[in-house]
Amino acid sequence: MSKKITKRSDDFSRWYNDIITHADLAENSGVRGCMVIKPYGFAIWEQMKSVLDKMFKDTGHVNAYFPLFIPKSFFTKEAKHVDGFAKECAVVTHYRLKNNDTGEIVVDEDAKLEEELIVRPTSETIIWDTYKRWIKSYRDLPLLINQWANVVRWEMRTRLFLRTSEFLWQEGHTAHSTSEEAVEETKKILDIYINFIQKTLAVPVIFGTKSDNERFAGAEETYCVEALMQDGKALQAGTSHFLGQNFAKAFDVKYASKEGKLEYVWASSWGVSTRLMGALIMTHSDDLGLVLPPILAPIQVVLIPIYHSQDEFKEITLKLKEISDVLKSKNIRVIEDFKDTRKPGWKFSEYELKGVPIRIAMGPKDVKNDSVEIFRRDTLSKQNVKIVDIAQHIEDTLDSIQKKLFEKAKKFNKENTHYADNFEDFKEKINLGGFVYAHWDGTSDTENTIKKITKATIRTIPLNEKSEKGICVYSGKPSTRRVVFAKSY
RNA sequence: CGGGGUAUAGCGUAGUCCGGUUAUCGCGCCACGUUUGGGACGUGGAGGUCGCAGGUUCGAAUCCUGCUACCCCGACCA
């Protein structure tokens with residue numbers, strides 16, 4: 001064992017970092033707080049992108065691209081929005097370098113920008129400045145646009161994928177003629193996120209709205225998707241915001257209605273980021289390495305020959321090649337690892353570390369039996385399967401892995417969801433980790449106090465929970481519904 | 001941004017307190033041979049501005065100053 005992964009039980013953060021480095025997903029770069037996403041990690045992200053992109057397009061959205069830089073004056077137009085992001089903005093102030101007296105390269109102070117440019121932490125402002133020119137009539141609505149981009153938020157403390165100063169995401173920005181339609185869009189996207197994260201990432205989620213404290217800067221309402229990681233901490237996996245007319249008013253975006261009246265448009269914005277990579281890792285992976293749901297796995301099946309002589313090598317690789325072709329014809333992502341520079345044992349470990357869902361090994365014994373050995377990454381179980389049955393078996397197994405991973409995570413989620421009705425109990429449950437459903441009086445004060453004492457925040461005010469009379473777990477004031485508390489990333 | 005810690009070969013490290021020949025060990029890498037059903041073994045070999053910049057000293061990985069990056073804990077956040 002040359003690549004040793006810290007056990008989850010020993011040190012969860014270290015385990016997380018070990019998975020990322022040893023599975024070749026990403027690494028820290030020479031730039032503070034910014035990561036390099038390595039080819040294997042990026043391939044997973046690309047897989048996410050392609051599934052999600054299709055979901056957006058199927059619901060009438062189109063992609064576009066807006067600038068990286070936002071003039072400060074645009075940025076400051078929506079008051080709450082600036083408040084929310086001001087503390088973490090990278091600002092471009094100059095546009096040229098020069099050699100100084102000692103030959104050093106320095107910023108040319110003469111090349112100062114008249115107006116500073118903000119490196120986008122999100123694109124609402126530049127986009128609404130644009131929409132102002134695009135939207136004139138009710139006939140221009142709805143406007144349903146998404147962009148895949150990078151954004152920069154100058155974070156104090158960064159962690160690979162979970163929080164980096166620069167990250168990749170998609171941000172959707174839509175404009176509508178009525179409030180109802182904008183809210184409907186916001187919820188439609190929430191559904192897409194729930195669906196995507198549960199079906200594709202196999203990560204179970206809860207969803208709902210955010211409290212005032214946690215709401216997006218400039219939004220009327222923020223809907224969110226929250227997942228639970230193996231260490232019992234919650235991770236916000238996606239957000240969808242109903243922006244009301246806030247940005248329309250800030251950027252004076254009006255349309256002429258059918259009745260010929262000028263009205264401000266209604267808006268939504270929504271996004272998920274490379275943070276989903278973190279959710280994926282921390283939901284499924286184990287002490288042997290990464291575990292990937294088949295839909296996202298860049299490599300779904302790896303073929304490994306086991307042989308002694310060159311004759312055996314030829315015979316076995318020929319048969320494996322045939323299997324490979326059959327699987328490829330079924331659109332299964334398969335690779336043949338016939339390199340003779342590594343021993344089978346080494347390859348086994350390597351692909352386990354990288355989370356490849358299925359490994360097919362074939363050795364002399366298998367040749368005799370017209371079978372192969374099939375190994376499942378999720379259950380670590382081995383099975384001999386006749387070659388004639390291989391295609392069906394692999395297809396079924398990939399499906400089964402995808403389902404099992406979700407079920408397993410769902411089970412964990414359930415086992416770590418608690419209810420608390422008094423504060424002592426609440427503190428205890430929060431310390432156990434996981435989600436805690438409790439009554440809350442609806443005030444920021446109470447939320448802040450609870451946060452101070454327990455470090456837990458309201459992750460979401462669930463949408464589909466039945467209302468239930470009770471008293472706030474902290475203040476004792478009356479409450480009509482439970483909200484979800486957890487410590488979070 | 002505050003508090004603590006770390007930085008020595010591609011990776012992990014010893015040496016640092018108490019300055020003194022040629023900087024330790026393991027993994028990995030290269031060559032050859034034997035191996036190949038769970039990260040093989042033997043022999044030989046290559047690889048270092050000791051994070052960067054100054055300073056103290058006859059002499060610095062080791063002492064001093066500054067800087068940078070990373071890790072852990074807080075505040076902030078997707």
Side-chain angles (χ1 to χ4, degrees), chain A residues 1-6 11-14 16-18 21-22 27-35 83-89 121-122 150-171 193 210 213-217 222 224-227 234-241 269-279 288-289 304-310 312-313 316 338-353 359-369 371-373 375 380 382 384 448 451-452 455 457 459 488-489:
Chain A
M1 279 285 206
S2 64
K3 285 185 173 176
K4 197 98 181 105
I5 293 180
T6 308
D11 185 338
F12 193 83
S13 309
R14 192 157 293 179
Y16 175 77
N17 282 329
D18 282 354
T21 38
H22 290 143
E27 62 187 35
N28 279 307
S29 68
V31 194
R32 198 208 74 105
C34 297
M35 65 176 166
D83 273 0
F85 287 103
K87 294 176 299 271
E88 44 185 354
C89 285
T122 179
N150 59 339
V151 286
V152 168
R153 297 181 188 175
W154 214 257
E155 297 293 347
M156 301 294 173
R157 218 176 125 190
T158 60
R159 293 196 63 190
L160 291 168
F161 289 120
L162 297 176
R163 181 168 299 106
T164 46
S165 289
E166 180 192 16
F167 59 90
L168 306 183
W169 76 347
Q170 59 66 216
E171 46 179 325
Y193 287 161
K210 283 292 190 191
N213 283 1
E214 304 271 329
R215 188 173 301 138
F216 175 75
T222 287
C224 67
V225 181
E226 297 277 328
L235 183 77
Q236 180 171 305
T239 48
S240 181
H241 316 288
S269 74
W270 27 274
V272 297
S273 72
T274 36
R275 183 178 235 205
L276 287 176
M277 294 287 292
L288 292 176
I304 298 174
I306 297 159
Y307 55 94
H308 297 79
S309 66
Q310 275 307 302
E312 265 177 9
F313 176 79
I316 290 167
F338 295 169
K339 287 192 293 285
D340 64 351
T341 49
R342 295 290 185 200
K343 294 178 56 178
W346 192 94
K347 293 178 185 175
F348 292 177
S349 303
E350 185 65 14
Y351 292 107
E352 279 161 27
L353 207 50
R359 172 181 80 227
I360 298 179
M362 187 185 228
K365 290 176 213 160
D366 303 304
V367 173
K368 243 176 256 164
N369 298 329
S371 67
V372 290
E373 182 191 85
F375 170 88
L380 304 175
K382 289 174 186 169
N384 290 305
N448 288 334
K451 184 180 178 185
K452 218 168 244 171
K455 286 180 188 156
T457 50
R459 298 324 303 154
S488 74
Y489 276 98

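Looking at heavy-atom distances under 4.0 Å, A:Ser13 makes contact with sugar-phosphate atoms alone, never a base. Counting any heavy atom pair closer than 4.0 Å across all strands shown, A:Lys210 reaches no nucleic acid atom. In this structure, A:Thr164 reaches the bases: a heavy-atom distance under 4.0 Å links it to at least one base atom across the strands shown. Backbone-only contact: A:Arg342 has heavy atoms under 4.0 Å from sugar-phosphate atoms and none from a base. Among the atoms of the strands shown, only primed sugar atoms or phosphate atoms (P, OP1, OP2) are found under 4.0 Å from some heavy atom of A:Gln236. Contact annotation for A:Asp366: base contact, defined as any heavy-atom pair under 4.0 Å involving a base atom. Residue-level contact check: A:Phe167 touches the bases, meaning some heavy atom is under 4.0 Å from a base atom. Across all strands shown, A:Arg359 has heavy atoms under 4.0 Å from base atoms, whether or not it also approaches the sugar-phosphate. When heavy atoms are screened at a 4.0 angstrom cut-off, A:Lys347 is found touching no nucleic acid atom at all. Residue-level contact check: A:Leu235 touches neither bases nor backbone, having no heavy atom under 4.0 Å from any strand. Within the nucleic acid shown, A:Gly289 has no heavy atom closer than 4.0 Å to any nucleic acid atom. Residue contacts shown for A:Phe375 include a base, since a base heavy atom lies under 4.0 Å away. Across all strands, A:Ser273 comes closer than 4.0 Å to base atoms (heavy-atom distances).
Nearest-nucleotide assignment on RNA chain B puts the 5′-proximal partner with A:Asp11, out of A:Asp11 and A:Arg153. Between A:Trp169 and A:Gly33, the residue anchored nearer the 5' end of RNA chain B, judged by the nucleotide with its closest heavy atom, is A:Gly33.
A donor-acceptor distance shorter than 3.5 angstrom exists from the side chain of A:Gln170 to the backbone of A:Val272, with no hydrogens or angles considered. Side chain of A:Glu312 to main chain of A:His308: a donor-acceptor pair is present (N/O by atom type, distance under 3.5 Å, no hydrogens or angles). Looking only at distances, no side-chain donor or acceptor of A:Thr274 sits under 3.5 Å from a matching main-chain atom of A:Phe167. A donor-acceptor contact shorter than 3.5 Å is absent between the side chain of A:Asn17 and the backbone of A:Arg14. Remark: the backbone N or O of A:Leu160 is paired with a side-chain donor or acceptor of A:Tyr16 at under 3.5 angstrom.
Side chain A:Lys382 to base B:G38: a donor-acceptor pair is found below 3.5 Å.
Listed candidates were B:G37, B:A75, B:C76. Nearest to the side chain of A:Glu155 is B:C76. Of the candidates B:U36, B:G39, B:C76, B:U36 carries the atom nearest the A:Tyr307 side chain, counting heavy atoms from C-beta on. For A:Ser349, counting side-chain heavy atoms from C-beta on, the closest listed nucleotide (B:G39, B:C76, B:U36) is B:G39. Closest to the side chain of A:Pro344, out of B:G37, B:G74, B:C76, is B:G37. Closest to the A:Asn28 side chain, of the nucleotides B:G37, B:C70, B:G39, is B:C70. Set against B:G39, B:C72, B:G37, the side chain of A:Asn17 has B:C72 as its closest nucleotide. Of the candidate nucleotides B:C76, B:G39, B:G38, B:G39 has the atom nearest to the side chain of A:Leu353. Listed nucleotides B:U36, B:G38, B:A75 differ in distance to A:His308; the shortest reach to its side chain belongs to B:U36.
Straight-line distance between the C1' atoms of B:G47 and B:G26: roughly 15 Å, to the nearest whole Å. Taking atom C1' on both B:A9 and B:C29, the two are 11 Å apart, rounded to the nearest angstrom. A gap of 15 Å separates the P atoms of B:U56 and B:U62, to the nearest Å. Rounded to whole Å, the separation between the P atoms of B:A61 and B:U24 comes to 14 Å. Spacing of C1' atoms, B:U68 relative to B:C58, comes out at 32 Å, to the nearest Å. Here the separation of B:C1 from B:A23, taken at their C1' atoms, is 38 Å to the nearest Å. When the C1' atom is compared between B:G12 and B:U8, the two are found 12 Å apart, to the nearest whole Å.
The two residues A:Ser488 and A:Thr457 make their nearest non-hydrogen contact at OG-OG1, 4.0 Å.
Taking side-chain N and O atoms only, A:Lys455 has a distance below 4.0 Å to OP1 or OP2 of B:G74. Dashed line: the shortest gap from a side-chain N or O of A:Lys87 to OP1 or OP2 of B:A75 is not under 4.0 Å.
One interatomic measurement links the two molecules: CD of A:Glu88 to P of B:C1, which rounds to 14 Å at whole-angstrom precision. Straight-line distance from the OH atom of A:Tyr16 to the P atom of B:C72: 11 Å, rounded to whole Å. In this structure, A:Phe313 atom CZ and B:U35 atom C1' are separated by 16 Å, rounded to whole Å. At whole-Å resolution of the value, CD in A:Glu312 and P in B:U35 are 13 Å apart. Following rounding to the nearest Å, A:Lys451 (NZ) and B:C76 (C1') show an atom-to-atom distance of 8 Å. Nucleotide B:G37 holds its P atom 8 Å from the CZ atom of A:Phe348, rounded to whole Å. Atom CZ in A:Arg159 sits roughly 19 Å away from atom P in B:A69 (whole-Å rounding). Rounded to an integer number of Å, the gap from A:His22 NE2 to B:C11 C1' is 8 Å.
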- Query: After noting the C-alpha distance and the side-chain angles of A:Glu214 and A:Arg459, does the key distance pass the side chain to side chain contact (heavy atoms under 4.5 Å, CB included) rule?
  - Reply: CA-CA 8 Å; A:Glu214 304 271 329; A:Arg459 298 324 303 154; 3.6 Å; yes

- After noting the C-alpha distance and the side-chain angles of A:Glu373 and A:Lys365, does the key distance pass the salt bridge (charged side-chain N to carboxylate O under 4.0 Å, His left out) rule? CA-CA 10 Å; A:Glu373 182 191 85; A:Lys365 290 176 213 160; over 6 Å; no

- Note on the structure: Dot-bracket assigned to RNA chain B with the 3.5 Å Watson-Crick/G-U criterion, [ ] for crossing and | for other-strand pairs, is ((((((((.[[[..)....(....]]].((((((.....)))))).....[[[[[..)....]]]]])))))))....

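Here the options are A:Lys347, A:Met362, A:Glu350, the test is side-chain contact (heavy atoms from CB on, under 4.5 Å), and the partner is A:Ile304; only A:Lys347 passes.
Rounded to the nearest 0.5 Å, atoms CG (A:Asn384) and CG (A:Asn369) are 7.5 Å apart. If you take CZ on A:Phe85 and CZ on A:Phe216, they are separated by 4.5 Å, rounding to the nearest 0.5 Å.
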